[in-house]
Amino acid sequence: LSHATLTGRAARRSVPSRRRARFTDAIHRWGVMAPALVLLAAVLAYPILYTVEISFSELDLATFQPGEWVGWDNYAATLTDDRFWNSLKVTGIYLAFALPLQMVLGFAVAFLINARWRGGGVVRALFLIPMVVAPIVAGGIWRMILDPIWGISNYLLGLVGIGPLDWFGDPSLAMASIVLIDTWRWTPFVTLIATAALLALPKDVFEAAEIDGASWWVQLRAISLPLLTPVIAAIFVVRWLGAVKMFDIVLASTVGGPGRSTNVVNLFIYQEAFGSMRFAESAAMSMVVLVITMALTAVFLLGTRALERRF
């Protein structure tokens, strides 16, 4: 037999063996992931399916089991509830101010503390303290700081002739307070990721730019920001997923007031469920919010991938 014939037979025999190897590898991989998948199904899938079932039914408060099937009635009540749309509007206002502010401050601080100066390591460590403070505790602390009578913020502002300001009594200032508290707590997270990204940038590019006489502004605009664009997009998506769940800081500081000026959608759903005992309608609200969040997250992820391909 010729060498070509033997080679062809060997190649044909190797095809099934490669398929068996891939199949065995897939079985091993799924076997390793199976416990985690079962846990995720129990922790995530069951509550979501239970919420979906409740949203199409009347909840029996005696047994906490779905009762009479009502179809889309709960969703119709949700979509015609002005208070629900107001809570979505309040959440949108909070996100529109908090997320850009946290991103800008986080990267600005990262650029500052990434520079070589004495005490930089201590500042990095201290700057991470807000991240480890529980949100409910952070809201309580800032409620005392911003108290219109006893708070230290009005005392300091009074030294320069400003105030006193009713931080939680004025609707505009109340929303500004929520944005301030959330920014204080989450800007260190953005700074931490941004600092790691800055340390990973290639040093030879910046050295070549310095040799060519590029100023720090030119290096920032033409080198650092383009290289960091995928990281910026990824951090934005992560913070979006965290910020859209805003609940505990508002509960501890303003409780949604004054009026409904800081009543974010998660707090509103909580109040409707456990305050007004409207569990079925609240389940429908939760599903509407989930769909909106998933749709916007998909858009942000597509934008992130487009930026990664471009840069």
Side-chain angles (χ1 to χ4, degrees), residues 90-117 119-135 137-139 141-143 145-146 151-153 156-157 160 162 165 167-168 172-201 215-250 252-254 262 264 296 300 303-304 307 311:
V90 170
T91 305
I93 293 173
Y94 150 71
L95 292 172
F97 283 98
L99 288 181
L101 184 60
Q102 292 170 21
M103 296 295 295
V104 172
L105 287 179
F107 275 88
V109 174
F111 276 105
L112 290 176
I113 67 176
N114 195 50
R116 295 180 180 178
W117 50 285
V122 176
V123 173
R124 292 190 191 98
L126 294 176
F127 201 75
L128 299 178
I129 291 178
M131 287 181 57
V132 301
V133 178
V137 176
I141 291 173
W142 278 94
R143 186 174 181 86
I145 293 175
L146 299 176
I152 191 175
S153 62
L156 295 177
L157 291 174
V160 294
I162 301 176
L165 301 177
W167 291 97
F168 299 121
S172 299
L173 289 178
M175 176 56 71
S177 301
I178 297 301
V179 173
L180 172 65
I181 298 170
D182 195 58
T183 300
W184 171 82
R185 188 168 184 272
W186 284 109
T187 296
F189 169 78
V190 180
T191 300
L192 180 65
I193 306 301
T195 301
L198 287 171
L199 293 175
L201 294 179
S215 63
W216 71 269
W217 170 249
V218 173
Q219 294 182 36
L220 174 65
R221 180 175 54 84
I223 301 176
S224 298
L225 289 181
L227 290 176
L228 291 173
T229 298
V231 178
I232 295 173
I235 296 176
F236 178 84
V237 173
V238 173
R239 275 303 302 131
W240 150 261
L241 292 174
V244 78
K245 297 183 294 185
M246 165 61 73
F247 168 76
D248 30 26
I249 288 178
V250 178
S253 56
T254 66
T262 60
V264 292
L296 291 177
F300 294 150
T304 301
L307 290 173
F311 294 97

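For reference, positions follow the sequence shown, starting with 1.
Here the options are Leu105, Val190, Ile178, the test is side chain to side chain contact (heavy atoms under 4.5 Å, CB included), and the partner is Thr183; only Leu105 passes.
Distance check: Ile152 CD1 to Leu157 CG gives 10.5 Å after rounding to the nearest 0.5 Å. In this structure, Ile181 CD1 and Leu146 CG are separated by 6.0 Å, a value rounded to the nearest 0.5 Å. The CG atom of Leu101 sits 9.5 Å away from atom CG of Asp182, with the distance rounded to the nearest 0.5 Å. In this structure, OG1 in Thr191 is found 12.5 Å from CH2 in Trp186, a value given to the nearest 0.5 Å. Annotation: the span from Arg239 atom CZ to Gln102 atom CD amounts to 4.5 Å, rounded to 0.5 Å. Note that the CG atom of Leu192 and the CD1 atom of Ile235 stand 9.0 Å from one another [nearest 0.5 Å].
In this structure, Phe300 places its CZ atom where more than 12 heavy-atom neighbours from other residues, nucleotides or ligands lie under 6.0 Å away. More than 12 heavy atoms of other residues, nucleotides or ligands lie within 6.0 Å of CG in Leu156, so this atom counts as buried by the packing criterion.
In terms of heavy-atom proximity, Met246 sits nearest to Tyr94 at CE-OH, 3.3 Å. Taking both residues in full, the closest heavy atoms of Ala138 and Arg185 are given as CB-CD, 4.3 Å, listed atom of the first, atom of the second, then distance. Minimum interatomic distance between Val250 and Thr262 (heavy atoms only, all atoms of both residues): CG1-O, 3.2 Å. Heavy atoms only, all atoms of each residue included: Ala197 and Val231 are closest at CB-CG1, 3.8 Å. Nearest approach of Ala110 to Thr195, heavy atoms of both residues: CB-OG1, 3.6 Å. Residues Leu95 and Ala243 come closest through the heavy atom pair CD2-CB, 3.5 Å.
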- Mind running side-chain contact (heavy atoms from CB on, under 4.5 Å) on Leu228 and Phe107 for me, showing each step along the way? CA-CA 10 Å; Leu228 291 173; Phe107 275 88; 4.3 Å; yes

- Task: Please report the C-alpha distance between Val90 and Met175 in whole Å, then the side-chain angles of each, then the deciding distance to 0.1 Å, and finally whether the side-chain contact (heavy atoms from CB on, under 4.5 Å) criterion is met.
- Result: CA-CA 9 Å; Val90 170; Met175 176 56 71; 3.5 Å; yes

- Task: Determine, stepwise, if the pair Ser177 / Phe168 fulfils side-chain contact (heavy atoms from CB on, under 4.5 Å).
- Result: CA-CA 7 Å; Ser177 301; Phe168 299 121; 3.8 Å; yes

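A 4.5 Å side-chain heavy-atom check between Phe247 and Val264 finds every atom pair outside the cut-off. In this structure, Val133 and Trp184 have side chains that are in contact, with non-hydrogen atoms separated by less than 4.5 Å.
A donor-acceptor pair is defined here as one N or O able to donate and one able to accept, closer than 3.5 Å; such a pair exists between the side chain of Ser153 and the backbone of Ile145.
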